[in-house]
Amino acid sequence: MEPSTEELVSSATRPVDWEDFREHLATADKEGRRRWLYPKRPSGRWYRWRTWMSWALIAVLFVGPFIRIQGHPLLMLNIVDRKFSILGQMFWPEDTILFAVAMLTFFAGIMIFTTAFGRLWCGWTCPQTVMMEMVFRKLEYLIEGDAAAQRTLDAAPCTAGKIARKVLKHGVFLGLSFLIGNTLLSYIIGTEALSEIITDDPRRHGVGLGFMIAFTLLFYGIFARFREQACTSSAPTDRFQSALLDENSLVVAYDHQRGENRGPWRRDQDLAARKADGRGDCVDCRQCVAVCPTGIDIRNGIQMECVHCTACVDACDGVMDKLGRPRGLIRYASLDGIEKGLPLRFTARMKLYASILTGLVTLFLVLVFTRADVETMFLRAPGGLFQTLPDGRISNLYTVKVLNKSHRDLPIEFRLEGSEGVVRTLGASEFVVPHEQLRQASVLVELDRVHMTGHMTALRVGVYSGGKRLETVKTSFIGPR
Ligand code: SF4
Ligand code: SF4
């Protein structure tokens, strides 16, 4: 039966049940203000592995802009000059199909990855998590101490010692944010342009310096204040993960079968007595909650805020070690693995996503490795109709733009394909398009009237370099009616 209007109004206005995790944000208090989190410093094998992984990723992140493949950056997304380099391959906005396929591949990749492995990306490789947990958080522990010490420091009156620590911390954060901001800038405009901004007269680089300051403040804001909010309210992954995860997805999960009924372990109680009491392995110590950087309790089940950072796995393993119980009360598992003891399966949905992804990757690679070295636009000159030459032939003037996508300069010539006629490139004797540049030329096409098919004749023009046809473009030729 449909609820009545009164029931709907009363359910919408009833007080929040603060005991129910679904009814409030983990990071908001009863007044709706942000609850500042003080996650305890994690330790354990997963944290150690994540640290190693993070160092490798941070090294790649900072060294990346300096790596060149065939003279091109490993990754450069120069939206200012509209030039892009991925794995040393240059792309231009004209490569629209390639971009569309690349975007589809990227999103299909995220979908299949999330379906199979949950938010493994968020916990292990996302730059936000890596920088926050492995750099900024560690520096914070170093300067202000662990969670309890940070709480005490924040609650303490303003003394010289407190001010010194805060100034030191925020100074270091600001310096690091400057470094990260400049790294991002070098991925956008390239290291050469960045070093020019740094070394040249600042008056000539107002926009570049503006971006430098904006990026620095942005990253400082994210890592000093915004923190977990970036993951829980701005990251796209948490929005669609609920639609992608199913009972077979690998997630960081609490084994409620083994852990419940939770309750403290009394000193006088042995395992048999605890089991006889109907107690599970969870001793309700809340260590898993204390280390969580997003402030949630994993024992409530899979939640949008969980970034799968494994801090709770380490915390709980530490507790189990002390109690002499097997590790893995919180672990990587699927829901079916926990509830039915089933192993991880490659489901039909995963297979479908994987085949789509394979198809897209194949298409992308084919497009990249078969794309022409040049991209040509062959357009009739604006406002131009036709001219009748003294010998009776007809000529049309064209504006031709040639984009050279290759790594070498290309001397270009044009030939009519399937039509008799003459093509002349006006200006210099040779039309050379430098590598990775766009050049424009005026081209005259002359046709005998007998080769025309009426007022408008369709033409195909071959674009040649060194006698080799690079591509064929279509255009039209106008003559008298
Ligand atoms: S750390 Fe383990 S034992 Fe402690 S509350 Fe969390 S799940 Fe229970
Ligand atoms: S619940 Fe565990 S895995 Fe998820 S964010 Fe918190 S600590 Fe990390």
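In each ligand, atom 1 is the first atom listed, and ligand 1 is the first ligand listed. Small disclaimer: the values here were computed from a predicted structure and weren't measured.
The number of protein N, O or S atoms lying under 2.8 Å from atom 2 (Fe) of ligand 1 is 1.
Glu133 has no carboxylate O lying under 4.0 Å from a charged side-chain N of Arg227, or vice versa, which leaves the two without a salt bridge.
Minimum heavy-atom separation, Asp314 to Trp46: OD1-N, 3.1 Å.
Cation-pi geometry between Arg279 and Trp265 is not met at under 6.0 angstrom from the ring centre and within 45 degrees of the axis.
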Under 3.5 Å donor-acceptor pairs involving side-chain atoms of residues 328-338, not counting sequence neighbours:
{"from": "Arg331", "atom 1": "NH1", "to": "Asp255", "atom 2": "OD2", "distance (Å)": "3.0"}
{"from": "Arg331", "atom 1": "NH1", "to": "Gly328", "atom 2": "O", "distance (Å)": "2.8"}
{"from": "Arg331", "atom 1": "NH2", "to": "Asp255", "atom 2": "OD2", "distance (Å)": "3.3"}
{"from": "Tyr332", "atom 1": "OH", "to": "Trp124", "atom 2": "NE1", "distance (Å)": "2.7"}
{"from": "Ser334", "atom 1": "OG", "to": "Gly337", "atom 2": "N", "distance (Å)": "2.9"}
{"from": "Asp336", "atom 1": "OD1", "to": "Lys340", "atom 2": "NZ", "distance (Å)": "3.4"}

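Proximity to Ile296 (heavy-atom distance under 4.0 Å) selects the following atoms of ligand 2: 1 (S). Near Cys306, meaning under 4.0 Å from one of its heavy atoms, ligand 2 places the atoms 1 (S), 3 (S), 4 (Fe), 5 (S). Short contacts between ligand 1 and Arg286, defined as distances under 4.0 Å to a heavy atom of the residue, involve ligand atoms 4 (Fe), 5 (S). Near Thr310, with a cut-off below 4.0 Å to any heavy atom, the atoms of ligand 2 are 3 (S), 8 (Fe). The contact set between ligand 2 and His308, taken as ligand atoms under 4.0 Å from a residue heavy atom, comprises 3 (S), 4 (Fe). For ligand 2, the atoms sitting less than 4.0 Å from at least one non-hydrogen atom of Val252 are 3 (S), numbered in the order shown with element in parentheses. Remark: ligand 2 atoms within the under-4.0 Å shell around heavy atoms of Thr294 are 5 (S).
Counting non-hydrogen atoms of other residues, nucleotides and ligands closer than 6.0 Å to CZ of Phe211 gives a total of 12 or fewer. Within a 6.0 Å radius of NZ in Lys40, other residues, nucleotides and ligands contribute 12 heavy atoms or fewer.
With a cut-off of 2.8 Å, atom 8 (Fe) of ligand 2 has an N, O or S atom of Cys309 in range.
When only modelled atom types and interatomic distance are considered, Glu228 and Thr27 share no side-chain donor-acceptor pair under 3.5 Å.
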The test is ring pair (Phe, Tyr, Trp, His ring centres under 6.0 Å); show your working for Phe136 and Phe173 and say whether it passes. CA-CA 7 Å; Phe136 285 84; Phe173 278 15; 4.9 Å; yes
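If you check which protein heavy atom lies closest to atom 5 (S) of ligand 2, you get Val307 N, 3.4 Å. Atom 6 (Fe) of ligand 2 has as its closest protein heavy atom Cys292 SG, 2.3 Å.
When non-hydrogen atoms are compared, ligand 1 lies under 4.0 Å from neither the backbone nor the side chain of Ile298.
No donor-acceptor pair closer than 3.5 Å links the side chain of Glu375 to the backbone N or O of Asn404. Of the possible donor and acceptor atoms, none in the side chain of Lys405 sits under 3.5 Å from a partner among the backbone N and O of Glu436.
The distance between the ring centers of Trp55 and Trp52 does not fall below 6.0 angstrom.
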